[in-house]
Participant: 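Okay, here's the structure, questions in a sec.
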Amino acid sequence: MSIFRCCYSIQGNISFLSHLDLLQAWQRILRRAKIPVAMSQGFNPHTKIAFGPARPVGVESLREYFDVELQQDMDLDDFSRKLSAALPEGISLEEVKSIEVGEKSITALISMANYNVWVDSAATGNISQRIEELLAKEEIPYLKTSPKGDKTVNLRPGIFALDWDGEKFFMQLLAGNSGHVRPEEVLSCLGIAREEATRMLRTDLLRADGVRP
Amino acid sequence: MVVLKERITRELLPFVTRPGQYIGGEYNQTVKDWDNATVKMAFLFPDTYEIGMSFVGMRILYHVVNSCPRFLLERSFAPLVDMEEQMRKKQIPLFTWESGHAVADLDVVGFTLQYEMSYSNILNMLDLAGIPLLAKDRKEGPLVVAGGPGAFNPEPIADFFDLFMLGEGEELLPELLEAYEQSKAAGESKRDFLARAAQIPGIYVPSLYQVTYLEDGTIGEIRPLAGAPAVVYKRVLPDMDLAIYPDKDLVPLTQVVHDRLVLEVMRGCTRGCRFCQAGVIYRPVREKTVAKLIEQADALLESSGYEEIGVMSLSTADYSCVNELIGELLDRYSEDGVGVSLPSLRVDAFSVDLAEKVQKVRKSGLTFAPEAGTQRMRNVINKGVTEEHVLTATKAAFSQGWTQIKLYFMIGLPTETKEDLDGIIDLAVKVLENGKAIAREKGIHKPLKVSVSVSSFVPKSHTPFQWFGQNTLAELKEKQHYLKERAKQYKNLSLNYHQSEVSFLEAAFSRGDRRLGQVLLKAWQLGCKFDGWTEHFKYQTWLEAFAACGYTPEFFAYREMGKDEVLPWQHLSCGASEKWLWHEWQKALAEELTADCRHNPCSGCGVCQKLGVDNDLKGAGK
């Protein structure tokens, strides 16, 4: 029985789907493609699919991941062709590779994400200095709001890199089981409102050693 | 013409809750070439995406219009309050989900009228689209039209629409768009087009009818002008196997209320429940063959990836081939993990067996609708159900492992007495006691639950109860209170009811006439919208709107209408004669039953004779 690690991109307005919506959408895509996905045993069986870390709503991405286990062996090219034919507009299959039974799942592997963030130039005066000052801080307190309650967290340990190339930011941020820093949170700490960002793009998801999963 | 899509993406979507509902892009979405379409139509659902996308009528018409090479149909829905706020602040008009064009840039804007309490949303959506609300103020710009059950009494919203479509739209809508196409090519004035459209069977142009009123406030006369027909009859398809049905269906990317493949097995119901508007306006019964349904299910499953098939109609257990169909669906698809669901159950053991077939694993709850608590009352409403039916069905359900039964009743029905209210509780208690006995016998320890849901009866046009004045708010509240107190005495019995203020206004609008247009406009100006949502419904504001216009909702909702009174919808017909409806009303008061004409002699409603159609059953069936 095959296990495939799929990498896909998601671009355009479809990136406004929530992570949960996307999980459901993938179930439908796999069914449409007639991929024989393995089911867990038990009273309430579910498909054996493991997803990478949640993508913030409205952030496009070049590399998102899921692992899917099949009921039987399947040719990798056949799998890719069938899956590609069933995708909605805005989602493309970028890469599929076979992984071994017992290999660490994608959920446990990812620990950081790279982003490009384009911002209206009017909001970026004096930006190098603002970046330098932010990175110099030992603690960056940030109030995270959620329906479950608000909580102040320190963002600093989750910001691995932050740079501006005159057109867009490059950010390398914590993502995965041990927590998330979102690009709009970093913008906010730089004094840039969400309204000023014209596009946010996740360019990569990486393991702790900086290698793709 | 500016394509708004980019502004929507940048200025709206990042700042609203659940933006996924505004993006379209569903699998099987049709985006036709904008510049090559001769007539562009927007289909507007006057509620949110998650509700609108559950409506199968929209999916059918989407397919029908987009299958016409020269026409284009795109969708739009009511934005939630936070989205509306952003749109107004940033001056972005209501747009279509497919191409992101302003709704006002399309030729025809069509609403579906599913529920009276969505009318304020219609005004709000027109306003968001930048389209003048009143038809008389629209010398140019899109034609504003509507269809759906509400089109059988559209008088309260007549001021806002250019025309209405009565009955089934599969043939009528393309005919209308063709007429519009010719008119547009010929450079005809709107006035001339409307006069011509009024000649198409099923099209009602309200501006071509003059309504006068008597001193007592009732209608004096409804007079057709400019050669418009005295009575507009609905359109109806004779054979559902030949009706166009989508083979590819929009697959929502985000959560919607009914997220499943919908298989419409038949249209119409002839059980003749006297409170039910659908049971009159969708007549006669027309079934599809099992072969046709399997063909449709195959195609839709293949192109969607759905994991559930909803077998839909007004009363699916009455479909003459239901056993064969369910068996075939389960045989074909259950191995692929595709389930079958039956949204409407009849009150009998046969229906429980059906439910058992499709719901092998997770048996949560079953709902039955006896509608009334005593046999006398059930005879009045012509619900051909006996107490024995109810008890047999619920016993069967408990025996087969269900532990939660929901019973649906109405209060405020004609001739109701305290005995009928007691009957509701007594029946529910009997059901519960039976359940407990079965549980003891079988050694089931899971607690049983019977919940009673009570709604306030709303008289609807085109039904035998259309003449009946609704119970007053005070009466309804008193009845609710009485039932609540009685239900309290029983453990494992719960009772819930809806806000009767909503039912009160619903009655005013369902029996209302053109004068309510002003009230609706006022109410919307005062901030009413999403009136069907408890958290948005503003009862006091509605009363203010009525008062400001010099009317009362009581006049429209509470008045018992006389036999000779000119009904506001007298010129609009689904084929059922007023004479027959009155006869049924008198039989109701005499507590006499009328048999289902599917399996018994014709009851004389007049639909088949008038419209040249017939009941069309495809099996010998049950």
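Just so it is clear: chains get the letters A, B, ... in the order the sequence lines come, proteins before strands, and each one is counted from 1.
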Participant: For residues G20(B) and L17(A), report the shortest heavy-atom separation together with the two atoms involved.
Facilitator: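 Nearest heavy atoms, G20(B) then L17(A): CA-CD2, 4.1 Å.
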Participant: Which region of N28(B), side chain (C-beta onward) or backbone (N, CA, C, O), has a non-hydrogen atom less than 4.5 Å from a non-hydrogen atom of chain A, or is it both or neither?
Facilitator: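 Nothing of N28(B), per the 4.5 Å heavy-atom cut-off to chain A.
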Participant: Is chain B contacted by the side chain of T198(A), its backbone, both, or neither, given a heavy-atom distance below 4.5 Å?
Facilitator: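 The answer is both parts of T198(A).
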Participant: Run the side chain to side chain contact (heavy atoms under 4.5 Å, CB included) check on L13(B) and N13(A) step by step: do they pass?
Facilitator: CA-CA 9 Å; L13(B) 298 179; N13(A) 274 358; 3.8 Å; yes
Participant: Would you mind checking if R32(A) and E302(B) are paired as a salt bridge, meaning a charged N to carboxylate O distance below 4.0 Å?
Facilitator: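 A salt bridge is absent here (no side-chain N lies under 4.0 Å from a carboxylate O).
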Participant: Pick whichever of R194(A), Q24(A), E89(A) has the most heavy-atom pairs under 4.5 Å with chain B.
Facilitator: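 Option with the top pair count is R194(A).
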Participant: Check whether Y22(B) gets within reach of chain A through its side chain, its backbone, both or neither, counting any heavy atom under 4.5 Å.
Facilitator: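 Neither part.
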Participant: Please walk me through it: do F16(A) and T9(B) pass side chain to side chain contact (heavy atoms under 4.5 Å, CB included)?
Facilitator: CA-CA 9 Å; F16(A) 285 97; T9(B) 303; 4.0 Å; yes
Participant: Should the heavy atoms of other residues, nucleotides or ligands under 6.0 Å from CD of E100(A) be counted, would the total exceed 12?
Facilitator: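 Open: at most 12 neighbouring heavy atoms sit under 6.0 Å from CD of E100(A).
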Participant: So for atom CD, which belongs to E335(B), do other residues, nucleotides or ligands contribute more than 12 heavy atoms lying within a distance under 6.0 Å?
Facilitator: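 12 or below, so no.
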Participant: Might you work through the side chain to side chain contact (heavy atoms under 4.5 Å, CB included) test for R28(A) and E307(B), ending with a clear yes or no?
Facilitator: CA-CA 8 Å; R28(A) 295 255 161 89; E307(B) 48 288 280; 2.9 Å; yes
Participant: So for S304(B), is it side chain, backbone, both, or neither that comes closer than 4.5 Å to the heavy atoms of chain A?
Facilitator: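 Just its backbone gets close to chain A.
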Participant: Looking at P14(B), G305(B), P19(B), which makes the most heavy-atom pairs under 4.5 Å with chain A?
Facilitator: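 Between P14(B), G305(B), P19(B), the count favours G305(B).
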Participant: Using non-hydrogen atoms only, which part of L87(A) is less than 4.5 Å away from chain B: side chain, backbone, both, or neither?
Facilitator: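 Answer is backbone: N, CA, C or O of L87(A) sit under 4.5 Å from chain B.
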Participant: Just verifying a value: how many Å separate Q255(B) CD and S18(A) OG, rounded to the nearest 0.5 Å?
Facilitator: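 Result: 9.0 Å between the selected atoms.
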Participant: Assess whether side chain to side chain contact (heavy atoms under 4.5 Å, CB included) is satisfied between Y306(B) and R31(A), documenting all intermediate values.
Facilitator: CA-CA 8 Å; Y306(B) 277 124; R31(A) 295 182 70 91; over 6 Å; no
Participant: Measuring from atom CD1 of I29(A) to atom CG of L253(B), what distance do you get when rounded to the nearest 0.5 angstrom?
Facilitator: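 One finds 8.0 Å between CD1 of I29(A) and CG of L253(B).
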Participant: So, for P88(A) and G25(B), which heavy atoms are closest and what is the spacing to 0.1 Å?
Facilitator: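 Smallest interatomic distance, heavy atoms only, reads CB-O, 4.3 Å.
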